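Below is one structure, written out as structure tokens; comments come after it.
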Amino acid sequence: MTTVTLKNINKSYEKNTIIENLSLDIHSGEFIVLVGPSGCGKSTLLRIIAGLESLNSGSIIIGENNVTELPAGQRELSMVFQSYALYPHMTVRDNLSFGLKNVKTPADQIARRLEQAAKMLQLEELLDRLPQNLSGGQRQRVAIGRSIVQQPKIFLFDEPLSNLDAALRVEMRQEISRLHGNLQNTMIYVTHDQVEAMTLADRIVVLYKGKIEQVGTPLELYNAPQNLFVAEFIGTPKINILPAVFTHNTLVIADNVVLPLAAPAQNLNEGDKVFIGIRPEHLRLNENADYQFSGVARFTELQGDSTLVYLDLAGQSVCLKSFQQLNFTAGTPLQLGVDEQHLHLFDALGKRLAQ
């Protein structure tokens, strides 16, 4: 198991800054997930760690060694790409062993590693098939197996499940999670899918415009987002964000929606503009709560085990998630409630306020 330390990483193409002064410590044996919107620099950062991209400045330390100037083949890493990158004319067996043969690995070692990887990924019955005769999930398992036989210190994954359908993604998430549990290697995983991030990660790194917005466990990011960007990026459906004004120790969303605070607010002055974040599942219908207010239904989405209710609240569009099967026609008046403990407060610049 091996640590990875990134120090002051900078990467730009001509005048376009991709990654700016980024530092990160990745613990030995940790499963860390890099998330963020398209163009935030997450795949570029992974390729920099792998040695497939140069950097303008900064350093990469793997274990005790500074590998910043080392070529990819000498970093003891293995990478699984979005495309399976399998040789179409080779069987599964040959795809798995090709890299080992290239570096003159003894035949008995190749056979042992191949057997271990095939058993771990349930590929034993597929070893003599060509990639064209495999399903998408099977091809991805072969791509992962090709990394396993290399016995790297660190596994890198670049959106490996994005080409799979929803059911296969669930299956492969379980495979990758089980793989990490068995191998205990350090794994760095890039995805734009927050469900993958929340279910796989020991810690999540949220990136935006080449900078780290927050690092933490999935629950830390969900329950205590440090800014508006993280709050809106993590969580499905998205968190409701309501603009308000702080006055006389109350939050005023509109003239008829006033939320008195139980304790004095910290770092707020009279008349300050704030943003209130409320997760959809924390809004409740027709129940006693710290705060109660009225809304008007716009439409509902039945999802089997739950219902999303979209409604107007004080001129703002919000979403409520109920774990009941509901159906409201447009224009139906609704009574809503939320407890103070479920309010997330952000200042005018989007930074989380202490509560």
Side-chain angles (χ1 to χ4, degrees), residues 24-27 30-38 40 42 157 159 161 166 169-170 173-174 176-177 180-181 187-209 211-244 251 259 266 274-285 287 289-291 301 303 305-310 313 316-324 336-347 349-355:
L24 177 66
D25 291 320
I26 300 173
H27 308 146
E30 185 172 33
F31 197 125
I32 199 149
V33 178
L34 310 178
V35 298
S38 297
C40 71
K42 55 188 184 294
F157 295 88
E159 304 205 45
L161 309 186
R169 283 201 299 272
V170 173
R173 282 204 305 268
Q174 295 170 353
I176 292 171
S177 180
H180 181 249
M187 295 186 176
I188 307 172
Y189 189 104
V190 162
T191 183
H192 65 276
D193 186 332
Q194 59 172 284
V195 174
E196 285 179 29
M198 295 289 287
T199 55
L200 287 172
D202 294 321
R203 285 191 302 157
I204 297 173
V205 180
V206 181
L207 294 169
Y208 182 55
K209 294 184 177 179
K211 296 182 179 181
I212 293 176
E213 294 290 328
Q214 188 173 349
V215 182
T217 66
L219 289 181
E220 285 172 347
L221 268 62
Y222 192 81
N223 294 329
Q226 293 304 299
N227 56 50
L228 272 176
F229 177 80
V230 176
E232 293 188 284
F233 190 81
I234 299 295
T236 303
K238 286 176 62 173
I239 193 171
N240 299 301
I241 300 296
L242 302 170
L251 301 173
L259 312 182
Q266 301 181 41
V274 298
F275 294 96
I276 303 170
I278 306 173
R279 297 281 181 198
E281 67 270 23
H282 292 150
L283 278 175
R284 306 204 302 267
L285 285 170
E287 292 184 30
D290 293 342
Y291 305 121
E301 290 183 349
Q303 300 192 327
D305 64 339
S306 61
T307 305
L308 301 182
V309 182
Y310 296 90
L313 169 64
Q316 302 291 322
S317 178
V318 300
C319 176
L320 175 151
K321 183 174 183 178
S322 172
F323 293 95
Q324 301 179 54
L336 310 173
V338 66
D339 290 328
E340 184 171 345
Q341 64 176 338
H342 292 138
L343 300 184
H344 301 270
L345 299 184
F346 305 91
D347 65 18
L349 298 178
K351 183 179 179 181
R352 186 178 185 85
L353 291 164
Q355 293 173 255

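Computed from a prediction, not measured in an experiment: that's the story for all the values here. Residue numbers count from 1 along this sequence.
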Distance, nearest 0.5 Å, that separates CD1 of Ile26 from CG of Asp202: 11.5 Å
Tell me, do Leu320 and Leu308 make a side-chain contact under 4.5 Å, heavy atoms counted? no
Closest approach of Gly277 and Ile241, non-hydrogen atoms and distance? CA-CD1, 3.9 Å
What's the separation between atom CE in Met198 and atom CG in Leu221, rounded to the nearest 0.5 Å? 7.5 Å
Salt bridge (charged side-chain N to carboxylate O under 4.0 Å, His left out) against Lys351, all qualifying residues, sequence neighbours excluded: none
At what distance, to the nearest 0.5 angstrom, does OG1 of Thr191 lie from CD of Glu159? 5.5 Å
Here the pair of heavy atoms bringing Gly235 nearest to Tyr222 is CA-CE1, 3.8 Å
Heavy atoms only: give me the nearest Cys319-Pro237 pair and the separation to one decimal. SG-CG, 3.9 Å
Rounded to the nearest 0.5 Å, what's the gap from CG on Leu283 to CG on Asp339? Could you check? 10.5 Å
Listed by chain and number, what are the side-chain contact (heavy atoms from CB on, under 4.5 Å) partners of Cys40, not counting sequence neighbours? Pro37, Lys42, Leu207
Can you tell me how far NZ of Lys238 sits from CZ of Phe233, rounded to the nearest 0.5 angstrom? 10.0 Å
Can you name the side-chain contact (heavy atoms from CB on, under 4.5 Å) partners of Asp25, sequence neighbours left out? Thr5
Working to the nearest 0.5 Å, report the span between CD of Gln324 and OG1 of Thr307. 8.0 Å
For residues Val35 and Gln194, determine if any side-chain heavy atom of one lies less than 4.5 Å from a side-chain heavy atom of the other. no
Taking side chain as C-beta onward, heavy atoms only, is Ile276 less than 4.5 Å from Leu259? yes
Does Phe157 have any ring-ring contact (aromatic ring centres under 6.0 Å, His included) partners at least two apart in sequence or in another chain, and if so, which? Tyr189
Hey, are Arg352 and His344 close enough side-chain-wise for a donor-acceptor pair under 3.5 Å? yes
With distance as the sole test, does Glu232 use its side chain to make a donor-acceptor pair with the main-chain N or O of Val230 at under 3.5 Å? no
Considering only heavy atoms from C-beta outward, does the side chain of Ile278 approach that of Val318 to under 4.5 Å? no
Quick one about Asn227 and Gln214 (side-chain donor to acceptor, distance below 3.5 Å, no hydrogens or angles considered), yes or no? no
Can you confirm whether Val33 sits close enough to Glu196 that some side-chain heavy atom of one is under 4.5 Å from a side-chain heavy atom of the other? no
Going by the rule side-chain contact (heavy atoms from CB on, under 4.5 Å), which residues pair with Asn223 if we only count those two or more places apart in sequence or in a different chain? Leu219
Quick one: does Asp193's side chain get under 4.5 Å of Arg169's, heavy atoms only? yes
Under the side chain to side chain contact (heavy atoms under 4.5 Å, CB included) criterion, do Leu336 and Leu285 qualify, and how do the steps go? CA-CA 5 Å; Leu336 310 173; Leu285 285 170; 3.6 Å; yes
Under the side chain to side chain contact (heavy atoms under 4.5 Å, CB included) criterion, do Leu345 and Leu251 qualify, and how do the steps go? CA-CA 10 Å; Leu345 299 184; Leu251 301 173; 3.6 Å; yes
List for me each residue that meets side-chain contact (heavy atoms from CB on, under 4.5 Å) alongside Ala231, sequence neighbours excluded, and say none if there are none. Pro225, Ile239, Phe346
